[in-house]
Amino acid sequence: MTSNLQQLLSSAELWRARDLPGHARYEQSAGLPTGFDQLDRLLPGQGWPRAALSEILCDSAGIGELGLVAPGLARLSREQARWITWINPPFMPHAPALAAAGIDVNKVLLIRTGAADSNGQDALWVLEQALESGACSAVLAWLDELRLRIPDLRRMHLRAQQGRAWAVLFRPGLESRNPSAAELRLRIRAADLSSEGGPRRLLLSILKRRGGWGVDDLPLELEAGDELEALLRLWRCQRSLQLAPERHVADAEGATSQPLGCLQLLNGRAVR
Amino acid sequence: MLWVAAHLPQLGLEIFQRRHPHGVQQPMVLAQDGQVRLVDEWARSAGVAIGASLATALSIAPRLIYFECDPAAEIERLRILATMAHRFTPTVSVAPPAALLLEVAGSLNLFEGLGPLLGGLHRAVQRLGHDAALAAAHTPAAALALAEAGLAAPLSDFPDQAELTQRACEALAGAPIACTEIEDRSIERLADMGLFEVGSLIRLPRHELGKRFGPGLVETLDKLTGAIPDPRASEPLRERFHSSVHLLESVSSKPILRLPMRRLAVELEAWLTARQLGACALRWFFKPLSGRSASRSTVLPVRFAQPRRRSNSLLEISGLALDRIDLPAEVMSLSLVADAVEPIAEAGSTHRDLLGEALSSPQCGAPLMSKEQPASRWAVSVCSMEGPLADQAPMDFVDRVTARLTGESVRFTHGRGVRVLRQVDDHRPECATALAPAALPKITQPPLARPLESAFPQPMWLLESPRPVNPERYRILSGPERIETGWWESPNGLARSTAKPLEGAASRDYFVASDSGGARCWLFRSRALGCENTEQWFLHGYFA
């Protein structure tokens with residue numbers, strides 16, 4: 001009887017209420033801060049799960065899917081000497097932009113299985129190895145959805161726990177109808193298509209999380225926004241000041257304090 | 001001088017056992033001139049005796065396999081073993097027909113005494129598939145005679161010359177004359193005179209012995225006792241590793257090939273250990289059964305992101321690569337060549353700092369380095385000084401994936417493979433990211449955030465080649481930013497892949513735009529050199 005109970009408790013399928021916010025032992029399972037306070041408050045462990053499978057469902061590239069995970073990746077690349085592995089990304093990651101977001105590009109490992117991997121088995125094998133080996137702190141993967149089966153997802157989740165890796169699967173939005181073994185499922189959409197400028201927003205829905213119901217359409221500000229022209233003007237002004245440091249110091253307290261503030265804001269967002 | 005001899009009694013048979021693709025379950029004997037010279041366990045238990053004629057042996061054990069004695073192969077094998085033994089001392093020589101000689105006086109401190117050294121040597125020889133009898137003595141001839149007779153003198157861990165000479169002479173007195181290097185004709189005549197042991201021979205007056213048996217016998221006896229010097233040619237350390245196995249029967253399945261591959265990998269490990277090296281690139285050759293398609297062997301190159309030594313990891317990664325290639329239907333022989341080697345630090349007991357304190361060799365894997373265990377940070381920095389042996393997990397992963405994905409080719413071709421991103425200092429977006437072979441990741445302490453060089457935002461996704469688009473379907477949010485396209489470079493330069501649709505374009509004007517789905521895109525308008533009115537819009541990236 002006791003041994004059955006022990007077996008059940010040690011099963012990876014079962015999670016316990018003491019792992020949730022508000023419990024005394026909760027701090028132990030602290031997650032990886034996402035960089036967005038609103039989101040942190042909603043997630044168990046106050047952040048991304050450090051050793052589990054997460055899914056991000058989005059329909060098209062470029063709506064902010066990388067911006068959402070970039071602060072987490074930046075933190076991992078600072079803390080750990082493990083790889084951040086990208087498996088079959090749809091496009092080429094642009095190193096200067098990643099570096100500007102605070103990610104150490106020397107730890108970014110790009111793996112492509114290419115056209116020879118017609119049935120997606122190589123990509124799955126690589127993902128499993130990446131998670132299981134413990135050599136990666138984070139793994140971002142874009143898999144062949146036609147060949148992806150639920151037992152595969154469950155296996156990947158177990159491997160992620162085993163290798164203490166933050167595994168993120170990027171999947172199309174349609175998959176929200178299908179069940180998944182992922183611990184956390186998010187769906188993102190682009191927000192305010194109509195409004196010009198303004199801070200860049202996306203709408204985030206939590207489809208599945210531990211210790212709570214889903215959350216619909218949480219607006220999330222991705223970056224310091226979109227009065228890009230204005231900001232860039234200020235930035236250029238700042239750069240010209242940097243070329244002449246004496247003037248910069250003199251002016252910093254006076255007339256140009258505004259650009260400095262904006263620049264810090266911009267940097268702060270990007271760096272966090 | 002402290003000489004250690006390793007006598008390999010079964011060497012003649014063992015070289016054939018090594019060539020057998022899987023373990024032998026049959027009696028085997030080695031024959032010379034129709035007579036049985038060596039028998040293995042199975043043959044011995046079947047009742048085949050050394051010295052019997054082959055016909056007798058076959059009638060006793062009909063399933064008997066017999067091999068003709070091959071002295072050239074035995075000496076070649078001894079040479080390979082000598083290479084391995086360089087791990088223990090620089091002075092190693094081959095003593096035909098079946099022994100190695102090592103002068104180890106200078107190595108006792110390193111190996112913490114004679115006992116541990118002999119133990120290590122015995123294990124190393126055994127790992128390569130040979131039985132050995134070891135003995136130490138003050139002269140090479142005495143060590144050889146004692147090893148062959150199986151009469152190792154009891155010695156302390158750090159014997160001085162007096163103790164060594166005395167103990168060795170005591171043991172030698174009981175050794176049979178047949179074990180020494182005295183020629184066979186003399187041995188027979190001595191036996192006829194009732195002299196069987198070395199002790200009784202040494203006691204005889206030398207002058208009269210010389211008169212009766214010739215000066216050769218006296219000289220051999222003097223070398224045995226150390227009265228005259230006995231120089232031995234030492235075996236040079238081989239610069240390149242190349243070893244092959246010619247199988248006794250052809251093999252047509254990959255799993256069975258693993259056993260002969262393991263034997264070669266173990267030999268490579270021994271060679272690498274002796275030279276304190278690690279292998280970076282290997283080549284396996286699989287040669288088919290000779291016939292029409294003969295002489296065309298299949299080559300399997302295996303490359304490692306960092307030097308490796310352990311046979312298990314060499315084999316594991318070679319095995320992943322082996323699964324990806326097609327072998328000849330019947331493999332008859334296989335060989336292994338180490339193409340590129342690099343020095344690696346030895347992990348383990350020989351690591352000492354300047355003051356002689358043993359450095360700990362932490363078994364740290366990368367997962368230790370998370371924030372939850374700040375204490376392990378220090379261990380990591382020690383690890384990185386220790387060299388690649390200590391911290392293998394990140395590179396193991398890279399090597400495994402490379403082996404599985406690339407198989408025969410190790411280049412990043414056909415969009416398959418493993419690469420690390422590198423930031424290149426180039427203002428052109430398509431040249432700012434480079435793909436490099438993986439190197440060990442390290443924790444870099446200062447924050448890495450680095451503002452963009454450009455005053456304009458750059459996207460996280462870049463299309464590998466810009467895609468022509470219709471600008472009316474996008475809403476421009478900001479821009480333009482002008483970027484020169486590198487017309488000053490030759491067409492074979494860096495921008496080769498992306499320059500194709502834009503031939504003649506001198507500069508591009510980049511805009512941030514949003515498409516109907518809300519995605520933020522990076523578009524550019526290319527302005528051709530000279531003709532300003534032909535414009536084409538391209539999509540080059542996404543602000544993801």
Side-chain angles (χ1 to χ4, degrees), chain A residues 59-67 70 74 77-83 91-116 122 125-126 129-130 133-136 163-164 189-190 193 197 200 226 228-229 232 235-236 239 267 270-271, chain B residues 365-367 369-371 380 393-394 396-398 400-401 404-405 414-424 429 432-435 438-439 441-444 447-464 477-478 512 514-515 517-521 541-544:
Chain A
D59 280 321
S60 61
I63 59 171
E65 69 273 21
L66 291 186
S77 78
R78 279 198 302 272
E79 278 175 5
Q80 303 188 16
R82 295 197 281 163
W83 300 117
F91 309 105
M92 186 75 184
H94 189 44
L98 296 185
I103 300 170
D104 179 5
V105 289
N106 294 330
K107 287 180 196 134
V108 173
L109 201 64
L110 187 69
I111 302 180
R112 287 194 194 279
T113 54
D122 280 345
W125 182 88
V126 170
Q129 284 289 323
S133 64
C136 308
R164 296 202 52 75
R189 287 181 295 139
L193 297 183
R200 187 168 180 206
D226 220 347
L228 276 172
E229 283 297 337
L232 286 174
W235 195 348
R236 259 172 260 162
R239 281 172 66 83
N267 270 342
V271 165
Chain B
M369 291 169 250
S370 58
K371 191 193 170 198
V380 174
D396 273 351
F397 167 65
V398 170
R400 273 204 301 273
V401 173
R404 159 109 181 191
L405 291 188
H414 311 301
R416 232 167 125 79
V418 187
R419 282 295 182 268
V420 162
L421 290 193
R422 288 271 181 275
Q423 193 174 350
V424 179
T433 306
L435 295 174
K442 292 196 177 70
I443 287 189
T444 33
L448 292 151
R450 182 175 148 187
L452 290 169
E453 288 295 326
S454 153
F456 292 86
Q458 297 225 338
M460 288 215 191
W461 283 138
L462 213 61
L463 269 60
E464 276 167 53
L477 297 178
S478 70
V512 179
S514 117
D515 74 358
R520 192 145 300 181
C521 312
Y542 287 108
F543 291 86

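So you know, we letter chains A, B, ... as the sequences are listed, proteins then strands, and number each from 1. No hydrogens, no waters, no symmetry mates; every other heavy atom, side chains included, goes into these values.
- Looking only at side-chain heavy atoms (C-beta outward), Trp125(A) and Val401(B) come within less than 4.5 Å of each other.
- Considering only heavy atoms from C-beta on, Arg404(B) stays 4.5 Å or farther from Thr113(A) through its side chain.
- Here the side chains of Glu65(A) and Trp461(B) are in contact, with some heavy-atom distance below 4.5 Å.
- With respect to chain B, the highest number of heavy-atom pairs below 4.5 Å among Ser60(A), Gly67(A), Ala130(A) belongs to Ala130(A).
- Nearest heavy-atom pair across Trp83(A) and Val420(B) is CZ3-CG2, 3.6 Å.
- Looking at Ile111(A) and Phe397(B), their side chains come closer than 4.5 Å, going by heavy atoms from C-beta outward.
- Thr433(B) places no side-chain N or O within 3.5 Å of a backbone atom of His94(A) that could act as its donor or acceptor partner.
- A distance of 5.5 Å separates CG of Leu421(B) from CE of Met92(A), quoted to the nearest 0.5 Å.
- Chosen from Leu109(A), Leu98(A), Ile63(A), the residue pairing most often with chain B at heavy-atom distances under 4.5 Å is Leu109(A).
- Closest of all the heavy-atom pairs between Ala61(A) and Ala519(B) is O-CB, 3.1 Å.
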